[in-house]
Amino acid sequence: MSAGPQKIISLADLAARVPDGSSLALGGSFLHRGPFAFVRELIRQGRRDLEVVKQSPGYDIDILCRAGALSRARAGIVAMEGNFGLAPWYRRAIESGAVRLEEHACASLTAGLRAAAFGVPFMPCGGIHGSDLAALNGWKTIEDPYGSGEAVYAIPRIQPDFAVIQANEVSESGDVRVFGTSHWDRIMSRSARRVLVVAERIAPDASFRDQPELTLVPHFLVEAVSIVPNGAWPGSLWPDYAIDYPAVEAYMTDAPGVLADHLAAGPEAREAAHV
C-alpha cells in the first residue's frame, strides 16, 4: 500500500471502489461509529447485490435493505437499539427472502473473521452447544486432539472483500485512530482483502508516533481514506458527537420520499451541495 496524501480521496471515489456483489465488513456497532456516510454513498451510486458482515449492525444494514442494495447478510444481533427497537426494513427483507441470512452469534462471526486473519480454514468456537445455529449453518464439531474428550464447533473462514472503518482521525500516511471502544473493527481490518477508511479529520504523523498505542489500523493495511466530518451521522462518534435521535426517528417513518429526504440530509450530501 502506498503512503501519503495520495491515499486521501473523495467519498464518491472511495465508494466507487466497491463493485456490485461485494462483501463488506462494516465497522462500529448499532448506531455507534459506523461508516454511515459511506453506506449512503453506496446507495446514491446504485450499488446492488451487496453482502454485509457484522456482529451487531443496525442503521447500516437497514438502510441498505430499504434501498434494495443488499442480497446477503452474515450477522449476529440486528437492531436500531432500545429507543427504536428492531430494524424494520432488514426484518422485511429477511422475512420476504429478498436477503439471504447466515445467522450468527457475535462469537461465531468473530471466529470466522479470525480464521481469515490468521490464514487458517476454520476457527474453534465455544458456547454454541444447545443452539440451532450450528445445524442451520452446517457447522461441524471437532474433538480436542489433546485428549480432553471435549468438542468444539469449527467455524469456517469468513473473508470479506472490504472492511470499511469509521475513524476519529487518520495520519497523513493513512494510520487509523479510534477513541473509545473499537468494537470488532480490528479483526475486520485484519480479515478483509481490502481496507477503506472514513475519518473525521487528519492528524499529524507526529501525533501517531507519540502515541502509537492508539493506532487501530496501521497505514500499510489501508488502501484509501476519505475525510468526511460527521461521517457517522445519524449515529454517534465518541467523543465528537452523539446520536441524532430526531434524525433517526425521521428515518424510521414509513412513507414515500422519506429515504430520499434522509439521503439528502446526510452531512456529506450537504457538503457536496455547499449547503
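Just so it is clear, the model here is predicted, and its values are computed rather than measured.
Other residues, nucleotides and ligands place no more than 12 heavy atoms under 6.0 Å from the CG atom of Asp132. Around the CZ atom of Arg114, the shell of radius 6.0 Å holds no more than 12 heavy atoms that belong to other residues, nucleotides or ligands. Around atom CZ of Arg91, no more than 12 heavy atoms belonging to other residues, nucleotides or ligands sit under 6.0 Å away. Atom CZ of Arg100 is surrounded by 12 or fewer heavy atoms from other residues, nucleotides or ligands within 6.0 Å.
Ion pairing of Asp161 with Arg193 is present here, as a side-chain N (NZ or NE/NH1/NH2) and a carboxylate O approach within less than 4.0 Å. In summary, Glu41 and Arg44 engage in a salt bridge, as defined by a charged side-chain N under 4.0 Å from a carboxylate O. For Arg33 and Asp185, the salt-bridge test passes: some basic side-chain N is under 4.0 Å from an acidic carboxylate O. The existence of a salt bridge linking Arg72 and Glu102 is excluded, since no basic side-chain nitrogen approaches an acidic carboxylate oxygen closer than 4.0 Å.
With rounding to the nearest 0.5 Å, the separation of OG in Ser131 from CG in Leu136 is 7.5 Å. Remark: Ser173 OG to His219 NE2 distance equals 6.0 Å, nearest 0.5 Å. Atoms CZ and CD1, on Arg92 and Ile94 in that order, are 13.5 Å from each other to the nearest 0.5 Å. Leu214 contributes atom CG, which lies 11.5 Å from atom OG of Ser182 (distance to the nearest 0.5 angstrom). Atoms CG and CD, from Leu109 and Glu103 in turn, are 11.5 Å apart once rounded to the nearest 0.5 Å. Atom-to-atom distance recorded for Arg17:CZ and Leu196:CG is 7.0 Å, nearest 0.5 angstrom.
The side-chain heavy atoms of Phe36 and Ile63, taken from C-beta on, include no pair separated by under 4.5 Å. Side-chain contact between Arg40 and Glu268 is present, with at least one heavy-atom pair separated by less than 4.5 Å. The shortest distance between side-chain heavy atoms of Cys106 and Trp184 falls below 4.5 Å. Using a 4.5 Å heavy-atom cutoff, the side chains of Tyr245 and Phe84 are in contact. A heavy-atom distance below 4.5 Å is found between the side chains of Lys7 and Val222. Within the 4.5 Å cutoff, the side chain of Pro204 has no heavy atoms near those of the Ser171 side chain. The shortest side-chain heavy-atom distance between Leu237 and Gln166 falls under the 4.5 Å cut-off. No side-chain heavy atom of Ile61 sits under 4.5 Å from any side-chain heavy atom of Val99.
Grouping the Ile, Leu, Val, Met, Phe, Trp and Tyr side chains by contacts below 4.5 angstrom, directly or via other members, places Val217 with Ile202. When the side chains of ILVMFWY residues are joined at heavy-atom separations under 4.5 Å, either directly or via intervening members, Leu50 and Leu259 end up in a single hydrophobic cluster. There is no path of hydrophobic side-chain contacts, each under 4.5 Å, that joins Trp233 to Ile227. Cluster membership check: Met123 does not share its hydrophobic cluster with Ile158, using side-chain heavy-atom separations under 4.5 Å among Ile, Leu, Val, Met, Phe, Trp and Tyr. A continuous path of Ile, Leu, Val, Met, Phe, Trp and Tyr side chains, each step under 4.5 Å between heavy atoms, connects Leu101 with Leu24, placing both in one hydrophobic cluster.
Closest of all the heavy-atom pairs between Val195 and Ser189 is CG2-O, 3.5 Å. Residues Ser108 and Ile128 approach most closely at CB-CD1, 4.1 Å, considering heavy atoms. When all heavy atoms of Met188 and Leu26 are compared, the closest pair comes out as CE-O, 3.3 Å. The minimum heavy-atom distance linking Ala15 with Leu42 is given by the pair O-CD2, 3.8 Å. Nearest heavy-atom pair, Val164 versus Pro35, reported as atom, atom and distance to 0.1 Å: O-CG, 3.6 Å. For Val258 against Ala250, the heavy-atom pair with the smallest separation is CG1-O, 3.5 Å.
Taking the ring centre of Phe208 as origin, the terminal cationic atom of Arg177 falls inside the region bounded by 6.0 Å and 45° from the ring axis.
In this structure a side-chain-to-backbone donor-acceptor pair under 3.5 Å is missing from Asp240 to Trp238. A donor-acceptor contact shorter than 3.5 Å links the side chain of Asp62 to the backbone of Trp89. Remark: side-chain polar atoms of Ser22 are not paired, donor with acceptor, to backbone N or O of Val18 under 3.5 angstrom. A donor-acceptor pair is defined here as one N or O able to donate and one able to accept, closer than 3.5 Å; no such pair exists between the side chain of Asn137 and the backbone of Trp139. In this structure a side-chain-to-backbone donor-acceptor pair under 3.5 Å is missing from Asp49 to Ala69. Under a 3.5 Å cut-off, the side chain of Asp244 and the backbone N or O of Ala247 do form a donor-acceptor pair. Lys54 places no side-chain N or O within 3.5 Å of a backbone atom of Arg74 that could act as its donor or acceptor partner. In terms of modelled atom types and a separation under 3.5 Å, the side chain of Asn230 and the main chain of Pro267 share no donor-acceptor contact. At least one donor-acceptor pair closer than 3.5 Å links the side chain of Ser96 to the backbone N or O of Ala98.
Checked against Ser226 for a side-chain contact (heavy atoms from CB on, under 4.5 Å), the options Asp13, Val170, Leu14 give a single hit: Leu14.
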Would Val228 and Phe38 count as a side chain to side chain contact (heavy atoms under 4.5 Å, CB included) if you check the C-alpha gap in whole Å, the side-chain angles of each, and the deciding distance to 0.1 Å?
CA-CA 9 Å; Val228 182; Phe38 181 87; over 6 Å; no
Check the pair Ile243, His32 against side chain to side chain contact (heavy atoms under 4.5 Å, CB included), reporting the backbone distance first and the verdict last.
CA-CA 8 Å; Ile243 296 170; His32 304 287; 3.5 Å; yes
Using the side chain to side chain contact (heavy atoms under 4.5 Å, CB included) rule, take Phe30 and Met80 through it: C-alpha gap first, then chi angles, then the decisive distance, then the call.
CA-CA 6 Å; Phe30 297 125; Met80 299 294 286; over 6 Å; no
Derivation of the side chain to side chain contact (heavy atoms under 4.5 Å, CB included) call for Val53 and Leu113
CA-CA 9 Å; Val53 177; Leu113 293 172; 4.2 Å; yes
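The aromatic rings of Tyr153 and His129 lie tilted to each other, with the angle between the two planes from 30° to 60°. Ring geometry, Tyr251 versus His262: the interplanar angle falls from 30° to 60°, so the pair is classed tilted.
Looking at Gln45 and Arg47, their side chains do bring a donor and an acceptor atom within 3.5 Å of each other. In the model, Tyr241 has a side-chain atom that pairs as donor or acceptor with a side-chain atom of Glu200 under 3.5 Å. Between the side chains of Thr215 and Asp175, not a single donor N or O lies within less than 3.5 Å of an accepting N or O. Residues His183 and Gln55 have side chains that never bring a donor and an acceptor to within less than 3.5 angstrom of each other.
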